[in-house]
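To keep things clear, I will list the structure first and then write my remarks on it.
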Amino acid sequence: MLTVEDLLHLDELKGITILAGEKNIKNQILQVNIMENPDAFDWLTPGEMLLTTGFIFKDDGAMQKRLIRDLAKMNCSALGFKLQRYFDEIPESMVKLANKVNLPILSIPYDYNFTEIISIINQHHKFNQSMVSSLEVSMHNKMYRILEAGNGSKHVIQKLAESIQNPIVLLDQNFSPTYYADLPENPIRVSSILNKQKNVQHIQQFLNEKINSSLRFYQDPMNLDFSFGQKTIPIRIFPIKKNNIIISYLIIWNTMHELGPLDIIELKVAAQYLLLQLQLEDSLNIESYQKRNEMFFEIIRNKYQNEDDLIQFIKYYQLKTDAIYSIVILETSNNQSQSNRQMMNLSTRLNQMLSGYRQKMICIEYSNSFILLIQDPPADEREYLKTMNTIGKSLLNQLAKESNDLDITMVIGPTVPNIKQIYISFQQALQTLDIYNSDASFEHSTPIISYDDVFLKHIIRDHLSIDGLHKITERFITPLKQFDAVNKSEYLKTLQAYYQANRNITKAAENLFIHRNTLLHRLNKIEEILNISFDTPGDNLQLEFVIYIFPLL
């Protein structure tokens, strides 16, 4: 591999001397380029040597210093400076800074042609290309053996971290950590950062601000410094992409070893294998996730085929057979439909939240809902409802922070004495949700409802015959509906408002936005239409009962 030191001893380029950064004289030169455009160093390849006359920064001292810092950070092998064109000598500030950051600066005689320098270096570089090719082949073989042995992406990341001697974090498209591989000598442990949710959110916000869509076109890692408290962590970001669509990110925790050109080669090869493995794992995960959800759903609906299915379910989730259980439904009604991947991610996030509670709670996604299986809830009913309401408020607050477009209703099913009867809790939770969604009298601004809140309506709907419901409708509802249709009046609505206000005339009038006398006039008319009297206790009882069950009719 041709180094800066080798270049200084080439017979064809004897006039070139080193003026700064001698500590990195062993830097490897992978290729050479000319820099006379202000944007050129944005696309610098690690191990590249740049040649310049200084034209782009001849009148800009700040740019001169920024250039030195950026080239050092991006692992430029050396900066070749041609004098006596725009500079008689290299500015002292650039030399001092280059020595500080160990960036070699070479002085190139005026009569040397850049094209000739590139040609000479490339001739000596041909042999070096074979070394690069050999490294690529070696890395391909290493990655192939890992995957052939049945090891997954986590193992690939661990081996890559050991190879480039830096910790690595794999992030998904939303910058959420998937896996990480740390190393024993790492001074800033990855686990100490990622094990705290607030730190993960801080990293996600930082990357959202710093990274834009142009990263998908990068051929080499992007350099960033991540500040965490008093610590600054230099990171290198490399996208794992397919057809310029990013599916994941590799974050190199650059705390142990400055990445060199050969490390970048290994990183690129590993990324190719990670792309294939991640796509395979993603497909398998979704398939397994869907099968697991289907098994869960069959159990809670009491539709499983045999006792072995139940035993498998209990073993998979490590459940108790003799514990008390219950079901809670979280129904989402977001404005935008969620994909399988998005719902799966949200389900994973929910399970992470649930792990912080005393009760064991398992969450699965089904359609547009999440179903929670609760193990060992409080046996006392009042304590159970109080506990689940507290947990519900906490969960809804956390989910609101995760996504602004999620509107969630939480429905609490009753407890059952064992896992075999869990379907009873699920059925009652579904019935409660149905009543809640169909009954406009509920206060929907507080989206937590339990089976106890609709106990009487459950009894009525389950045990009152269809014929009985029709008779109630014909006696009290149909006459008002027909009169309203003919006269374009609102007597049925008025009757509902009257009883929903607990027969308070003033409150009912306010809710209807009408005068108190107007309400009294309407109530008199209702008495006439239905042939009843609000002063008769029996008539009042019948009417209040009808209004209560009206959403079920």
Side-chain angles (χ1 to χ4, degrees), residues 329 331 333 368-369 407 409-414 424 427-553:
I329 298 174
E331 183 186 57
S333 54
N368 67 330
S369 301
D407 184 17
T409 300
M410 177 172 171
V411 179
I412 303 168
I424 298 173
Q427 287 173 354
Q428 290 201 37
L430 284 179
Q431 291 171 3
T432 301
L433 179 62
D434 183 45
I435 292 172
Y436 176 82
N437 286 333
S438 62
D439 191 345
S441 66
F442 276 114
E443 183 56 59
H444 287 80
S445 61
T446 306
I448 300 179
I449 186 82
S450 80
Y451 62 93
D452 193 55
D453 296 322
V454 295
F455 173 76
L456 181 56
K457 290 184 179 179
H458 265 309
I459 298 298
I460 293 168
R461 191 166 74 169
D462 291 347
H463 299 286
L464 191 62
S465 68
I466 298 297
D467 184 56
L469 287 171
H470 281 315
K471 287 180 179 179
I472 291 172
T473 301
E474 290 171 5
R475 172 66 183 90
F476 295 105
I477 302 300
T478 302
L480 290 178
K481 278 187 172 182
Q482 290 174 344
F483 191 91
D484 285 341
V486 172
N487 297 279
K488 300 189 184 306
S489 54
E490 293 185 331
Y491 288 112
L492 179 57
K493 181 179 179 182
T494 300
L495 186 63
Q496 288 178 284
Y498 177 59
Y499 282 106
Q500 285 168 2
N502 199 25
R503 298 177 66 195
N504 184 310
I505 298 293
T506 302
K507 185 177 180 181
E510 288 176 355
N511 291 340
L512 289 168
F513 302 102
I514 60 176
H515 194 273
R516 189 175 187 274
N517 290 339
T518 303
L519 178 62
L520 290 171
H521 172 74
R522 289 185 183 180
L523 292 176
N524 289 334
K525 188 65 178 177
I526 290 171
E527 287 180 319
E528 179 185 326
I529 295 169
L530 296 180
N531 190 28
I532 54 94
S533 171
F534 289 110
D535 294 329
T536 302
D539 287 348
N540 259 312
L541 179 61
Q542 291 183 82
L543 288 170
E544 190 164 8
F545 178 74
V546 168
I547 294 305
Y548 180 75
I549 67 168
F550 177 65
L552 304 178
L553 300 178

To the closest 0.5 Å, what do you measure between [atom1] ([X]) and [atom2] ([Y])?
{"X": "Gln482", "Y": "Ile529", "atom1": "CD", "atom2": "CD1", "value": "10.5 Å"}
{"X": "Met410", "Y": "Ile329", "atom1": "CE", "atom2": "CD1", "value": "10.5 Å"}
{"X": "Leu495", "Y": "Glu490", "atom1": "CG", "atom2": "CD", "value": "13.0 Å"}
{"X": "Glu544", "Y": "Gln500", "atom1": "CD", "atom2": "CD", "value": "11.0 Å"}

Quiz item: So Leu433 and Glu331, side chain to side chain contact (heavy atoms under 4.5 Å, CB included) or not? Walk me through it.
Solution: CA-CA 9 Å; Leu433 179 62; Glu331 183 186 57; 3.6 Å; yes
Exercise. Evaluate the side chain to side chain contact (heavy atoms under 4.5 Å, CB included) criterion for residues Ile449 and Ile412: first the C-alpha distance (whole Å), next the side-chain angles of each, then the deciding distance (0.1 Å), finally the verdict.
Key: CA-CA 6 Å; Ile449 186 82; Ile412 303 168; over 6 Å; no
Quiz item: More than 12 non-hydrogen atoms from neighbouring residues, nucleotides or ligands closer than 6.0 Å to CG on Asn517, yes or no?
Solution: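 For Asn517, atom CG is crowded (more than 12 foreign heavy atoms under 6.0 Å).
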Answer yes or no: is there a side-chain heavy-atom contact under 4.5 Å between [X] and [Y]?
{"X": "Tyr436", "Y": "Thr409", "answer": "yes"}
{"X": "Ile505", "Y": "Leu523", "answer": "yes"}
{"X": "Ile532", "Y": "Arg475", "answer": "yes"}
{"X": "Lys493", "Y": "Leu512", "answer": "yes"}

Quiz item: Which pair of heavy atoms, one from Leu530 and one from Phe476, lies closest together, and at what distance?
Solution: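 Taking every non-hydrogen atom into account, CD2-O, 3.7 Å.
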Is there a donor-acceptor pair under 3.5 Å between the side chain of [X] and the backbone N or O of [Y]?
{"X": "Thr518", "Y": "Ile514", "value": "no"}
{"X": "Asn487", "Y": "Phe483", "value": "yes"}
{"X": "Arg522", "Y": "Ser489", "value": "no"}
{"X": "Ser450", "Y": "Asp452", "value": "yes"}
{"X": "Arg503", "Y": "Phe534", "value": "yes"}
{"X": "Asn511", "Y": "Ala497", "value": "no"}

Self-check item: Stepwise side chain to side chain contact (heavy atoms under 4.5 Å, CB included) check, Asn540 with Asp535
Solution: CA-CA 7 Å; Asn540 259 312; Asp535 294 329; over 6 Å; no
Quiz prompt | Asn504 and Tyr498 side chains, donor-acceptor separation under 3.5 Å | solution =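 Per modelled atom types, Tyr498 and Asn504 side chains form no pair under 3.5 Å.
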Quiz item: Going by atom types alone, do Ser533 and Asp539 pair a side-chain donor with an acceptor below 3.5 Å?
Solution: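 Checked: Ser533/Asp539 side chains show no N/O donor-acceptor pair below 3.5 Å.
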Quiz item: Is the shortest distance from a Lys or Arg side-chain nitrogen in Lys525 or Glu528 to a carboxylate oxygen in the other one below 4.0 Å?
Solution: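 Yes.
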